[in-house]
Structures are given as structure tokens and as C-alpha cells.
Amino acid sequence: MTSIDKDFIFIPMEIIKGISASPGIYIGKVFLYYEENLNIPKYEITAKDVKNEHSRFLEAIEKARNELEAIKEKAYLQMGDKELLMLDSHILMLSDPDFINQVSSALEKQLRNVEWVLFEAIEALIEKLKSSRNSYLQDRESDLKDVSKRVLNNLMFTERITLSELDSPYIIAAHDLLPSDAITMDKKNIKGIILDAGGRTSHTAIIARSFEIPAVVGLSTITRKVRTGVDVIVDGDSGIVVVDPDDAAILLYADKLERKVETTRQLRPYVKKEAVTDDGQKIIMKANIELPEEIESVIDHGADGIGLFRSEFLLLQSELHTSEDKQCEIYKSLLDKMEGRPVTIRTLDIGGDKILPGYDEHHEKNPLLGWRGIRFCLSNNNAFKIQLRALFRASVHGDLRIMFPMISCIEEMDEVLEIIDKVKQELRNEKIDFKDNVPIGVMIEVPAAVLAAEFLAKKVNFFSIGTNDLIQYTIAIDRGNEKIAYLYQPYHPAVIRLIKMTVDAGKKAGIPVSLCGEVGGDPVATIVLLGLGLEELSMSPASIPIVKKVIRNVEIKEAKKMIETILEMGSGTEINSYLENWFNGRFSGLK
């Protein structure tokens, strides 16, 4: 990762519209952060320089080998035999004396810098592989590219800047950020995020909201229109980025910031108030979090508990994903800090845009429809059992609930329950304390799960509707794709009907149904969710006060009447307009 000025287009005072991913406003300087195809330098060297270039080459190879060995150490959680063999082959390539000698010889003959010599040597080898009739050799092309890129990166960026190392406040501009980038960033010095890619429910957007960092995504070309040091205004409320703002724009946004601070002050009293409608219906308000560090925010914003702890974000931090004991300690700490409030932990939801260290070697044509969520866990029994053992061991320290992502059929749930029984029996045999009656739940985020909800309800203790994925799979839209982000409609009539079907199935079976998708934190959507019969909502901690205010100023009978009207509408745009008009009339200036 590095700051790059390639293809920079400077246009003074440009206003760019994107997607509001995390509310808030910040005025500051940009740090451009993204990985791009390498621009290989080419220059002549003298005979005296050859020894130094050769030493740089050997150091880059050694660093690449160490990187691969570190990945391999953690690979038992993510990889099968095929992936481990591939890693071994990459390590062997880096140790191949013929290859090293070929580059060394070329250095002496060509008297060019080692980056260019290596690049040419790799290109020549790739051409040989392509022309071979041996299919095995042809398949080695991607391996060779991967290894060479790793070495070239080490040659060209001996000191890479990471988001955990920034030494002053910046707005991060990037094409996209991996969740692993986002969770390791320095929250004190990252004041805003602007991305070419992504949508409101991409995981980077979710993390930005959790850390209360203003973010605008889906900007398409922002990385070509800014460079490190350029002044920018990030308006996460309106989904706007102002590049190189003039004095008038700065004054305008300074005024907006002042008014925003006043709104926050007005909402502060709702932190300690219960979420009870005007006609007396109590709504349970919980928080969605990714990291233990967010507990303070959960309590500070008045949550009744944690409705979704995305445990995979722990394991994106490599030092935490290798040990049952370490996981148990973290879960125990969560329960202790919540002091008896309920904590719902979702098991690993790896796949899609969330990739564990080392797992990036595995490629799928359609990762969002592929090996993710419960599918990943059921094919990685070792990792899955480690997490379940850690969760049950921690269960004696508080009110723990466990839920499973991406369940699409009864057979998957039966297999999960069978593994749970085995884990419990192991713990009994080892005389390790655990709660035998930990509530088990299912994330309802696949349309198939909605349609099978009456059968799933007989197997579990609760449902939690994950609207982020439910919307994505219902409308057939990649929620991280900026080209079609406009199609992501939380108020699509089909989505509203699927939520209603889930709530109805849960009530019929006598099990609670909550909603933990990002829709839960949208104050405009609150009246819809109440009208659909939801009595428990989970959201980003910062959204709790404003949603509480809405709840305390409406009645359930009003919400149900509005749902009757909404169910007669056939367009998400029509429903959205209807709700916005209602909200602005009732809560003017609040959003």
C-alpha cells in the first residue's frame, strides 16, 4: 500500500456525489491509500552497482519467504491440503537456485536495476509456460505472477505505510478497503473515509459507523481526483465530498458542524431513556459491534445489550485467531463488561469481502454466493469447533446467545446442532464448566431461510434478520459494487414482505425475532419495523439515541396503519418517498 499520484486529475472546488456510508462531517487533508498495478522502474546501473542490486534482490526474496511462512503458520484455520501445497510451491519457487542465478546473471549482462531485470525474467518465463503443451506448467502462470509480485513489492516499497501507522489526522481516500485494513486503522488519526467502491452495507462502511468516522463510498473516481495533502470535506450525512473547498464551502460546513453538535446534544438525554412507544410498547435496543473496544460505546449510547457481535473481525487480527484459550478470554471479557446484559455472538462469517490472513490465496468466481458463512464453518470443522468450545466455555460468565450465519436449509442447521452436541459432550468429558441451555439462533439473511422459517423455528430459540444480505440476495445485487449501488433498496416491496413473513413465522412458533441489519439504525425505517411487529432492534451504537427518540414519539397502531398503506405500494421508490415525507413532517431537522 502506498500513496500514488498516477492518473491524478486536479479540478479545483469539485463537488462529488457518492453514497452516505457513515454520518458525520470532517474537513481535512487526504491521504491516498491504495494498491495499484506496479509501475516498474527502468534505469541503467554501473558494474559497481551490481553487488548492491543483487543484495537487494536476495533481501526481497527472504522477506517474501518469511511472509509466506507466516501465512502458512496460520493456515490450518482457513486452508485445506490443496492450498497448503500451493503455499509450499510458492516458498520453493523463492528458493530455486536456478531462478536466483538467472536474475543474477541478467543483472551483470544488462546493467539494469534489479526490479526491471526481475520483471523481464518473469515475463519471459510466463511466455514459455503459455506456449507449453503441458497443462500443469500452463497452470503455474498465476503462481509465478503471485510470487514475483510479492518480491517486486518488497523491492519497491521497503517501508509500506499502513493505516495503523499514520502520525497525523487524515481523510483516507482509496479504491476500497479490506475489512482487515479497516479494523487495524488508527482511529485517532483517521477522521474520514472516501472510497471509489462500496455501498452503505459494505463491511468497511459498517466499521466506519461503529467507529463514528464520516464516510462516503461509491465515488467511482475519487482516487483519480485527489492526492495526498489535498483539502477535502467529507459530508457523510449527505453522501458528498468537496475537493479543494473554497472559503465559502468551508464556512458553510463549519456551520453545519455546529448544528450537528447541537442535534447530538439534544439527543443525549435519550441515552438513559427506555425505548417505549407512546402507546406503551417496549422495544429492546441492542448494538452491533465488531471489536471488544466498542463496548464503551455500546454502554455510552444506552444499549440494552449486544444483538450482533461479528466474531470474524477478531480473527482478521492474526494474533487472535490461533487459540481456543484466547478466543475464550475475549468472549468472557465481553460478557463481563456487559454486566449481565445479553450478548449475541455470531459465529465466523468468513467469505465474500471478509478474508482471513492467508485465505486470500483462495479465489472464487462468485464469492458472495460461494464458500462463506456456515458453509465455510461446516467444511472447516476444526476452526468451527475451536470457536464453539471457546463460546461455551465463556457462557458461564454472562448472558450469552450464539447465532449462525447464512443458514439456507434445515440440513445445515441439523449439522450445526450435531456439532454443538459433540462439543458439549467433549466439554463434559473434560469436566469443563459451560451453560447447557445457551440460546441458539439463526441469521435470516437468505430468501430460502425466510420461506423455510416455520421449519427452522422448530430447531432454534430465536431468529435475527440480517437485512444487509437479505436485501442483497433478494434483489440480486452485490452490495459492494458501486456501479449498481443505486439498486440496493431497503424498502423494496419484496424485502418488506420477507421481513413480515419472518416475524409472523417466529410469532407462530413462539420464538423472539430481532433485526440486526443496518436498516435497524435508520430512523426513517423505524416506523416500518414497528409496524411489521419487530420488538427488538440492533444497530450501530451511535444510532441508538435517534432511533429511541422516534420510538418514543410514535404509536404501534400508527405504525401498523402505515404498513397497511405500504403493502399496497409496488415500488421501493414510492415507499421511500412516502416514508421520507412522513419523517420530515414529524421529525423535521432530526436526520
Side-chain angles (χ1 to χ4, degrees), residues 18-31 33 162-174 176-195 197-217 232-237 239 241 257 260-261 264 267 271 286-303 306-317 320 330 333-334 337-338 346 353-354 468 480 516-518 520-522 538-547:
I19 299 166
S20 173
S22 179
I25 294 169
Y26 186 75
I27 305 168
K29 294 191 180 298
V30 160
F31 181 85
Y33 179 84
T162 70
L163 295 185
S164 62
E165 297 172 338
L166 297 179
D167 56 5
S168 58
Y170 278 108
I171 294 162
I172 299 302
D176 200 2
L177 292 178
L178 291 173
S180 52
D181 291 325
I183 64 172
T184 57
M185 62 189 179
D186 180 356
K187 289 81 182 175
K188 292 180 181 177
N189 281 327
I190 294 180
K191 302 296 186 181
I193 297 172
I194 50 179
L195 304 179
R200 177 171 167 75
T201 56
S202 65
H203 286 279
T204 296
I206 291 169
I207 292 170
R209 284 195 291 280
S210 294
F211 293 142
E212 299 183 48
I213 298 172
V216 180
V217 300
V232 161
I233 297 172
V234 182
D235 181 352
D237 297 334
V241 172
L257 267 172
K260 192 169 181 66
V261 169
T264 302
L267 288 172
V271 167
K286 294 182 179 178
N288 300 336
I289 65 170
E290 286 75 38
L291 300 171
E293 294 88 334
E294 295 176 75
I295 291 289
E296 183 178 342
S297 179
V298 171
I299 295 170
D300 190 47
H301 286 96
I306 294 173
L308 171 61
F309 179 76
R310 299 178 174 98
S311 65
E312 61 273 7
F313 286 91
L314 280 177
L315 304 194
L316 289 171
Q317 301 181 73
L320 297 175
I330 290 168
S333 175
L334 279 174
K337 289 176 180 176
M338 289 303 289
R346 181 179 71 188
D353 65 342
K354 293 169 290 183
N468 301 350
C516 62
E518 291 304 303
D522 181 356
S538 193
M539 63 201 70
S540 173
S543 299
I544 291 174
I546 190 170
V547 174

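Nothing here was measured: the structure is a model prediction, and the numbers come from that model.
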Without swapping roles, check the side chain of [X] against the backbone of [Y] for a donor-acceptor pair under 3.5 Å.
{"X": "Arg310", "Y": "Arg346", "result": "no"}
{"X": "Ser297", "Y": "Pro541", "result": "no"}
{"X": "Ser543", "Y": "Met539", "result": "no"}
{"X": "Asn189", "Y": "Leu166", "result": "yes"}
{"X": "Asp237", "Y": "Gly24", "result": "yes"}
{"X": "Asn288", "Y": "Cys516", "result": "yes"}

Taking all non-hydrogen atoms of both residues into account, name the closest pair between [X] and [Y] and its distance.
{"X": "Pro545", "Y": "Val271", "value": "CG-CG2, 3.9 Å"}
{"X": "Gly302", "Y": "Ile544", "value": "O-CG2, 4.2 Å"}
{"X": "Ala173", "Y": "Val30", "value": "CB-CG1, 3.9 Å"}

What distance do [X] atom [atom1] and [Y] atom [atom2] have between them, rounded to the nearest 0.5 Å?
{"X": "Ser540", "Y": "Glu212", "atom1": "OG", "atom2": "CD", "answer": "6.5 Å"}
{"X": "Ser311", "Y": "Ile330", "atom1": "OG", "atom2": "CD1", "answer": "10.5 Å"}
{"X": "Ile25", "Y": "Lys191", "atom1": "CD1", "atom2": "NZ", "answer": "15.0 Å"}
{"X": "Phe31", "Y": "Ile172", "atom1": "CZ", "atom2": "CD1", "answer": "6.5 Å"}
{"X": "Glu518", "Y": "Ser22", "atom1": "CD", "atom2": "OG", "answer": "9.5 Å"}
{"X": "Ser538", "Y": "Ile306", "atom1": "OG", "atom2": "CD1", "answer": "8.5 Å"}

(request) Test side chain to side chain contact (heavy atoms under 4.5 Å, CB included) on Tyr26 and Asp235 and set out the steps. (result) CA-CA 7 Å; Tyr26 186 75; Asp235 181 352; over 6 Å; no
(message) Could you go through Leu195 and Leu177, starting from their C-alpha distance and side-chain angles, then the distance that decides it, and tell me whether this counts as side chain to side chain contact (heavy atoms under 4.5 Å, CB included)?
(response) CA-CA 8 Å; Leu195 304 179; Leu177 292 178; 4.0 Å; yes
(message) Which residues pass the ring pair (Phe, Tyr, Trp, His ring centres under 6.0 Å) test with Phe309, not counting sequence neighbours?
(response) none
(request) Determine, step by step, whether Lys29 and Ile171 satisfy the side chain to side chain contact (heavy atoms under 4.5 Å, CB included) criterion, reporting the C-alpha distance in whole Å, the side-chain angles of both residues, the deciding distance to 0.1 Å, and the verdict. (result) CA-CA 6 Å; Lys29 294 191 180 298; Ile171 294 162; over 6 Å; no
(request) Report the C-alpha separation of Val232 and Ile194 in whole Å, then their side-chain angles, then the decisive distance to 0.1 Å, and conclude whether the side chain to side chain contact (heavy atoms under 4.5 Å, CB included) test is met. (result) CA-CA 10 Å; Val232 161; Ile194 50 179; 4.3 Å; yes
(request) Going by the side-chain contact (heavy atoms from CB on, under 4.5 Å) test, name the single residue among Leu334, Ile289, Asp300 that passes it with Glu294. (result) Ile289
(message) Would you say that Met338 contacts Val298 through its side chain, given a criterion of any heavy-atom pair below 4.5 Å between the two side chains?
(response) yes
